[in-house]
Structure formats: C-alpha cells, structure tokens
**Student:** 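Below is the structure I would like to discuss, written out as structure tokens.
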Protein chains: 2
Amino acid sequence: MEWSIQDIARIAGTTSRTLRHYGEAGLLQPSRIGANGYRYYDEDALTRLQRILLLRELGLGIPSIVEVMQGETDDAHALVSHLQLLAQEKTRLDRQIASVALTIRKLKGGEQLMAEEMFDGFDHTTYQAEVEQRWGKDAYTRSDQWWRSKSDEEKAAFTAQHVAIAADYASARSGGAASDSDDVQAIVARHVDWLNLSSPVTGGAITARRLVGYGDMYVGDPRFAANYGGRDGAEFVREAFVYYAEHSLA
Amino acid sequence: MEWSIQDIARIAGTTSRTLRHYGEAGLLQPSRIGANGYRYYDEDALTRLQRILLLRELGLGIPSIVEVMQGETDDAHALVSHLQLLAQEKTRLDRQIASVALTIRKLKGGEQLMAEEMFDGFDHTTYQAEVEQRWGKDAYTRSDQWWRSKSDEEKAAFTAQHVAIAADYASARSGGAASDSDDVQAIVARHVDWLNLSSPVTGGAITARRLVGYGDMYVGDPRFAANYGGRDGAEFVREAFVYYAEHSLA
DNA sequence: CTACAAGTTGACGCAGCGTCAATGTCAACA
DNA sequence: TGTTGACATTGACGCTGCGTCAACTTGTAG
C-alpha cells in the first residue's frame with residue numbers, strides 16, 4: 001500500500017506541510033519519491049508517523065523525537081526528562097501569574113481597592129455601602145480585615161486562582177463541554193475549594209444551598225457575570241454549580 | 001543627557017540588540033540618530049524603555065506593549081487579559097503534564113511496576129524484598145494497595161507533583177538560593193504536603209523527626225539522590241528539611 | 001601615523017510549522 | 001487530441017524575540 005502526501009496527512013490527522021517538515025528534519029522520509037518529485041509513503045512510514053505525532057502531542061521537540069526514533073533513548077527516558085521541562089515551565093508560569101496579579105493590584109491603586117476588588121469577584125458586591133446592605137453591617141469590615149491579613153503573595157495567588165478557574169470554564173465551554181461533564185465538574189470542585197478559602201469571612205464551608213445561591217448571583221449581576229464571560233458564561237457556571245450541589249455536596 | 005545604545009542597554013539591564021529590535025518594532029525610537037547611523041537615547045527614552053522592560057518581564061508580547069504604549073489600552077486592562085492567557089497556558093500545561101506522566105507509566109509496563117516506581121521516588125526502596133526488610137513485612141502490601149486504589153489521573157498527578165517539586169529544588173539551587181531561604185522553604189512545604197498524601201500508608205502525618213529521617217535517606221542512597229539531581233542536590237534538600245523541621249514543624 | 005580595544009551596524013539563525021505563488025496531475029468534456 | 005477546471009504538490013517566505021557574528025567605526029595610547 002502506498003499513499004500520496006495528502007492521503008497520509010489526512011489519515012494521520014496532520015498536514016502535508018508538516019510531513020515535508022519532518023522530511024527535512026530527517027524524522028520521516030517518504031518511502032518513495034516519484035519522477036516528478038512527489039512524495040509517497042507506505043505503511044511503515046504511517047506507523048512511524050503516528051508514533052511521531054504522539055510524541056509531538058506530548059510536547060517533545062523534534063530533536064528529542066529524532067533521538068528516540070534513532071533508538072539512542074527509549075521513550076520512557078525521553079518522556080521523563082521532558083516531564084522535568086514541563087514541570088519547570090509550570091513553576092515559571094506560576095511565578096509569572098503571581099507577579100502579574102500582584103502588579104495589577106498595585107496598578108489599581110493600592111490596598112484601598114483590594115477589598116472591593118476581591119469582594120467584586122468573590123461575592124459580587126462592589127461597593128462598601130452595597131456590601132453592608134446586602135450582607136450585614138459588619139461584613140465589609142470582616143472581609144476587609146481578612147483580605148488585609150494576607151501577604152502579597154497570598155493575595156496574588158488567590159486572585160490568580162480565580163482567574164484560572166474562570167479561564168477554565170471559558171475554554172471548557174468553548175470546547176463544547178457540558179456543565180455536568182466530568183471536566184467541568186472538576187473545575188467546580190476547584191472553584192468550591194477557592195470559595196472555601198474565605199470561609200472564615202463567610203462563616204463556614206460552602207453548602208449545597210449556598211453554592212446554588214452564588215450561581216444565581218453570578219447570573220443576576222452583570223458585574224459578576226463579566227468575570228465568567230458574560231451572562232451566558234455565568235449561566236453555564238450556575239448550571240454546573242447546581243449539578244455539583246446535587247451530586248457532590250448532597 | 002544622552003547616551004549611546006550600549007550605555008542605555010547597560011543602564012536598563014538589557015542588550016543593544018534588544019534596543020535595535022524595539023526600534024524596528026516601533027516600540028522605542030532613538031531620540032537622535034548620528035550622521036554615522038549611531039543611535040542615541042535621552043532620558044525620556046530611558047523611562048519608556050524601563051516601562052517596556054517591566055511589561056516584557058511580565059510576559060507581555062511586543063504587539064501588546066505597543067498598544068499599551070500608544071495609550072489604546074491602559075496597563076491594567078492589558079495585564080488582565082494577559083493574565084487570562086497565562087491561566088490558559090497553565091491549565092494546558094497541567095493537562096500535558098498529566099498525559100505525559102500517564103504515558104510514562106503505561107510505557108513502563110502497567111500496574112505491576114507502579115508500586116515499585118512510586119516507592120522508588122517516595123521512600124527510596126526499589127525492590128519488594130528491600131521494602132519488606134526496611135519497613136516491615138507488610139509495608140509493601142500496604143503501599144501497593146494504597147497505590148492501586150488511586151485512579152489513573154490521581155496517580156499521574158501524584159507523580160507529576162513530585163517531579164515538579166524536584167525540578168523546583170533544582171532551579172532554586174542553580175539560582176543560588178539558600179536552603180533556608182523563603183523560596184526553598186516554600187518548596188519544602190509543598191514537599192511535606194506531598195509526603196502527607198500517603199500518610200495512610202506510612203502511618204500519620206510527617207513529624208520533624210521523620211522529615212529529617214527522609215533527608216538522611218535521600219543523601220544516603222544514590223537511587224534516591226538521583227531524583228534530586230545527585231548527591232549534592234539531595235544534600236541541599238536535606239538541609240532544607242532540617243531547617244523546615246526545626247522552624248515549621250517544631 | 002599606527003595599532004588596538006571597544007562600539008556599532010545590519011544580517012542570519014532558530015522551532016515548527018502556516019500560508020502563499022507557481023506548477024503539476026488528472027478526469028471530464030469537446 | 002486539446003482544453004478546462006478542480007485539486008495536489010513543491011519550495012520559499014513569515015512569524016517571536018532576540019543571540020550571535022562578520023564587517024566597519026570610533027576613540028585612545030604610543
């Protein structure tokens with residue numbers, strides 16, 4: 001059996017450009033080249049290609065894959081060192097997220113705005129007067145003190161976590177995931193953990209009832225919905241909350 | 001005041017090449033260009049450059065910075081959307097780390113090897129016989145059962161966490177951090193959390209005494225030291241453990 | 001006036017392909 | 001057999017953010 005470059009690309013789920021690139025890189029040569037210069041690939045090449053694509057999906061660079069395919073390194077070894085790279089990347093990212101969050105807060109004008117901002121994302125009340133009206137007269141003070149008690153690092157981490165959670169909802173939703181899918185429910189679990197971080201302020205761990213209450217608030221208030229990509233995003237989160245409340249907080 | 005490209009680069013802590021690049025990108029023009037083509041920069045340019053470098057450190061791309069500098073977006077807004085990018089990147093990385101860890105385990109030949117591998121990283125005993133001798137006759141069984149009780153995702157996460165921790169030690173050490181520095185002690189805190197994950201097996205949370213014991217083992221056994229970059233790395237971890245044990249587990 | 005160090009410039013390189021413009025191939029139709 | 005149009009295929013350039021380098025200037029010491 002023999003296929004043209006386009007055929008192989010379709011079968012393996014990649015592009016002809018990529019195949020030519022692998023050819024240049026010495027990763028995968030066509031099994032035959034026609035008199036007209038066209039590349040043709042056989043079944044061995046297809047198998048090899050699929051292995052290459054797997055390693056690429058795992059993030060290995062072409063030189064590493066070349067090594068592996070030449071048998072100088074076994075797959076596991078290459079993946080382990082790759083894993084170390086990924087881990088480093090991750091901590092670098094974590095650090096950067098923390099500094100960016102910190103810088104944002106500094107730019108926004110110092111501690112004064114912090115309680116508001118945090119409350120804004122946390123229980124959707126932006127102004128002190130509103131907080132007091134909605135949550136009781138000393139809620140603002142309690143929250144403000146709690147927030148001030150945190151170090152800069154902790155504040156940044158807290159903010160960053162929420163941003164990450166919101167981003168995850170967004171990508172899950174755009175990827176077509178259902179609000180009761182495992183993926184989304186896993187995000188909710190993290191979200192609940194995050195909410196529980198401030199349980200000292202709100203008085204105890206999240207209950208099913210409270211979680212659904214939050215969901216309603218997210219949908220009802222555009223300032224909060226904005227955190228989740230608008231009304232539709234907030235609605236998605238609310239559905240996920242409801243499901244989670246029923247199945248995991250019962 | 002006016003400086004040559006090299007002067008400005010040194011003052012701001014960057015390179016002349018970078019400055020020329022920013023020039024081409026329209027980010028930062030020299031305040032004057034000599035008849036010989038040499039670039040000269042004044043104080044305004046220096047101020048602007050420092051702002052640019054700050055945003056770059058936070059990971060903003062040049063086009064984004066151009067926007068910000070043109071006043072089309074304020075800093076905070078740009079950083080918030082950048083933060084979302086970073087958060088997405090992070091979850092992508094998390095997923096990839098999990099898949100790589102999972103793939104590694106699959107390659108290593110299924111469940112059979114898992115208990116060994118995990119024990120290998122966890123308390124340095126590679127072989128069943130050795131485990132039994134060192135930790136008591138049913139330690140291996142307990143550990144094996146505990147490990148088997150985990151889902152694939154959980155196993156992958158567990159492995160990935162340890163790799164990340166080891167990588168963090170390595171980068172901290174190569175960055176010249178002391179074992180009693182805040183950064184390193186924060187890594188130890190995560191390490192302790194990680195060790196506590198298997199407290200059901202080892203019988204209760206880590207104590208100061210046990211932590212130091214682990215440190216000694218890491219240094220003493222090359223198979224384990226390998227996880228932390230060899231003897232020197234293990235020694236570094238041991239020092240960090242000792243400090244942590246005295247100051248945070250007292 | 002020479003010799004040499006230090007500075008400056010534009011150009012190429014890199015990773016992993018996406019995206020062309022320029023040709024080539026092939027079946028259908030005249 | 002010649003034409004046409006739909007698809008394929010190829011090599012080349014582009015992209016990010018600079019590091020690195022060869023070639024050329026400038027300035028200082030002797």
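Letters go in sequence order (proteins before strands), and every chain restarts at 1.
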**Student:** Starting at atom CD of Q6(B), determine the distance to atom C1' of dT9(C), rounded to an integer number of angstrom.
**Tutor:** 12 Å
**Student:** Please encode protein proximity along nucleotides 16-21 of chain D as a string of B, S and -, counting only heavy-atom distances under 4.0 Å.
**Tutor:** -BBBB-
**Student:** Could you write out each protein N or O paired with an N or O of nucleotides 22-28 of chain C at a distance under 3.5 Å?
**Tutor:**
{"unit_1": "dT25(C)", "atom_1": "OP1", "unit_2": "N36(A)", "atom_2": "ND2", "d": "3.1"}

**Student:** If you round to the nearest 0.5 Å, how far is CG of L19(A) from CD of E24(A)?
**Tutor:** 11.5 Å
**Student:** Provide, to the nearest angstrom, the distance between the CD1 atom belonging to I33(B) and the C1' atom belonging to dT25(D).
**Tutor:** 16 Å
**Student:** Which distance, rounded to the nearest 0.5 Å, do you find between the CG of L49(A) and the CG of L28(A)?
**Tutor:** 5.5 Å
**Student:** Are R190(B) and D193(B) within salt-bridge range, i.e. N to O under 4.0 Å?
**Tutor:** no
**Student:** Would you find a donor on one side and an acceptor on the other, under 3.5 Å apart, between the side chain of Q185(A) and the backbone of A240(A)?
**Tutor:** yes
**Student:** Report yes if at least one side-chain N or O of R10(B) is closer than 4.0 Å to OP1 or OP2 of dA6(C); otherwise report no.
**Tutor:** no
**Student:** Going by the rule ring pair (Phe, Tyr, Trp, His ring centres under 6.0 Å), which residues pair with F241(A) if we only count those two or more places apart in sequence or in a different chain?
**Tutor:** H191(A), Y218(A)
**Student:** In chain order, what residues pass the ring pair (Phe, Tyr, Trp, His ring centres under 6.0 Å) check against Y22(A), with sequence neighbours excluded?
**Tutor:** none
**Student:** Dot-bracket for DNA chain C: what is it, with Watson-Crick or G-U pairs under 3.5 Å, [ ] where a pair crosses earlier ones, and | for a pair to another strand?
**Tutor:** ||||||||||||||||||||||||||||||
**Student:** Check the distance between dG16(C)'s C1' and L49(A)'s CG and give it to me in whole angstrom.
**Tutor:** 15 Å
**Student:** Could you state the CD1-C1' distance from I5(A) to dT9(D), rounded to the nearest angstrom?
**Tutor:** 8 Å
**Student:** dG11(D) C1' sits how many Å from E24(A) CD, rounded?
**Tutor:** 8 Å
**Student:** Tell me, do I62(A) and H21(A) make a side-chain contact under 4.5 Å, heavy atoms counted?
**Tutor:** yes
**Student:** Considering only dT9(D), dT10(D), dG10(C), which nucleotide approaches the side chain of R39(B) most closely?
**Tutor:** dG10(C)
**Student:** Are the side chain of E239(B) and the backbone N or O of S179(B) linked by a donor-acceptor pair below 3.5 Å?
**Tutor:** no
**Student:** Regarding S4(A), tell me which of base, sugar-phosphate or nothing describes its non-hydrogen contacts under 4.0 Å with the strands shown.
**Tutor:** sugar-phosphate
**Student:** Which residue pairs satisfy the side-chain hydrogen bond (donor to acceptor under 3.5 Å, both in side chains) criterion with at least one member in residues 41-64 of chain B, sequence neighbours excluded?
**Tutor:** R51(B)-D75(B)
**Student:** Once rounded to the nearest 0.5 Å, what's the spacing between atom CG of D7(A) and atom OH of Y40(A)?
**Tutor:** 9.5 Å
**Student:** Is there a donor-acceptor contact under 3.5 Å from the side chain of E89(A) to the main chain of L93(B)?
**Tutor:** no
**Student:** Rounded to the nearest angstrom, tell me the gap between atom CG in L55(A) and atom P in dG16(C).
**Tutor:** 13 Å
